[in-house]
Amino acid sequence: MAFEWKERYKLGNEEVDKQHMKLFEIGARAYELTRLDDAYDRYDDILEVLQELADYAQYHFKYEESFMEKHNFEHLPRHAKEHNYFVAKVKSILLSRDIDEEQEQTLQEITDFLSRWVSTHIMFEDRRYTVLFDKD
Ligand SMILES: [Fe+2]
Ligand SMILES: [Fe+2]
């Protein structure tokens with residue numbers, strides 16, 4: 001299932017893990033909405049939860065980047081680049097697709113992209129800065 005939280009995503013810092021879990025939680029809500037097979041138009045709910053996901057991701061990225069900045073982390077520029085790519089991609093999807101016309105299919109695509117990106121980013125890029133946790 002998309003946005004299924006796994007123990008191996010834990011990086012060992014309470015606040016960071018909490019934020020990552022929250023990202024997955026919001027993502028899972030978006031994903032579930034796309035799968036509701038009923039007669040209601042969920043367009044507004046779907047857009048709202050995707051916006052929340054984009055907003056919370058930006059909040060979380062800022063938190064990480066400030067933390068890395070505080071410790072003069074050498075990999076900050078490339079890390080921030082990945083964050084920026086994510087935000088730009090989400091924004092471009094939200095703007096370019098006709099979500100109303102193809103609600104289920106398009107949103108499944110979006111949530112698939114998000115869940116893949118978030119888990120890969122946590123496992124590889126975020127894992128690099130866990131060396132800073134001890135120095136904090
Ligand atoms: Fe992260
Ligand atoms: Fe990150």
Side-chain angles (χ1 to χ4, degrees):
M1 197 272 271
F3 289 104
E4 190 184 355
W5 175 260
K6 300 191 176 75
E7 275 299 300
R8 66 169 193 268
Y9 296 153
K10 276 195 176 163
L11 298 180
N13 175 282
E14 208 181 321
E15 179 58 28
V16 171
D17 287 334
K18 209 179 81 193
Q19 290 183 11
H20 285 156
M21 266 185 250
K22 169 114 177 161
L23 270 179
F24 273 74
E25 230 176 79
I26 302 170
R29 268 200 282 133
Y31 182 73
E32 287 311 315
L33 265 179
T34 70
R35 293 166 56 86
L36 286 176
D37 195 15
D38 57 26
Y40 293 103
D41 187 345
R42 304 282 178 181
Y43 181 63
D44 291 342
D45 297 337
I46 289 166
L47 271 197
E48 196 181 296
V49 77
L50 282 180
Q51 190 60 53
E52 190 185 338
L53 185 63
D55 289 346
Y56 193 77
Q58 286 181 85
Y59 163 79
H60 168 65
F61 294 162
K62 256 214 156 62
Y63 180 89
E64 284 189 344
E65 287 169 26
S66 309
F67 182 77
M68 287 181 243
E69 208 167 12
K70 183 173 143 195
H71 293 282
N72 288 313
F73 189 52
E74 53 176 331
H75 298 300
L76 170 57
R78 72 176 252 190
H79 197 124
K81 221 172 165 178
E82 278 210 11
H83 288 167
N84 293 341
Y85 167 77
F86 174 90
V87 173
K89 176 88 178 174
V90 172
K91 280 185 180 163
S92 82
I93 292 172
L94 284 175
L95 289 174
S96 67
R97 307 276 184 101
D98 192 346
I99 297 175
D100 202 11
E101 282 301 308
E102 303 170 286
Q103 291 192 12
E104 199 186 314
Q105 188 204 10
T106 311
L107 287 163
Q108 207 148 321
E109 242 178 85
I110 295 175
T111 49
D112 279 354
F113 161 75
L114 298 181
S115 67
R116 258 200 316 274
W117 188 92
V118 170
S119 50
T120 311
H121 181 79
I122 290 173
M123 294 297 277
F124 295 99
E125 216 52 49
D126 283 352
R127 198 162 282 279
R128 285 173 191 276
Y129 83 81
T130 57
V131 291
L132 304 177
F133 292 157
D134 294 336
K135 296 177 185 160
D136 198 42

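Remember, it's 1-based here, ligands and their atoms both numbered in the order they're listed.
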Is the closest side-chain heavy-atom distance between [X] and [Y] below 4.5 Å?
X	Y	result
F73	R128	yes
R29	F3	no
F86	L114	yes

Under 3.5 Å, is there a donor on one side chain and an acceptor on the other for Y63 and Q19? no

Exercise. Between H83 and H60, do the side chains contain an N or O donor and an N or O acceptor separated by less than 3.5 Å?
Worked result: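 The answer is no; no qualifying pair exists.
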
| message | One pair to check against salt bridge (Lys or Arg N to Asp or Glu O under 4.0 Å): E15 and K18. What are the steps and the verdict? | response | CA-CA 5 Å; E15 179 58 28; K18 209 179 81 193; 3.3 Å; yes

* Closer than 2.8 Å to the Fe ion (ligand 2), which protein N, O or S atoms? ->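 Correct list: E64 OE1, H79 NE2, H83 NE2, H121 NE2, D126 OD1.
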
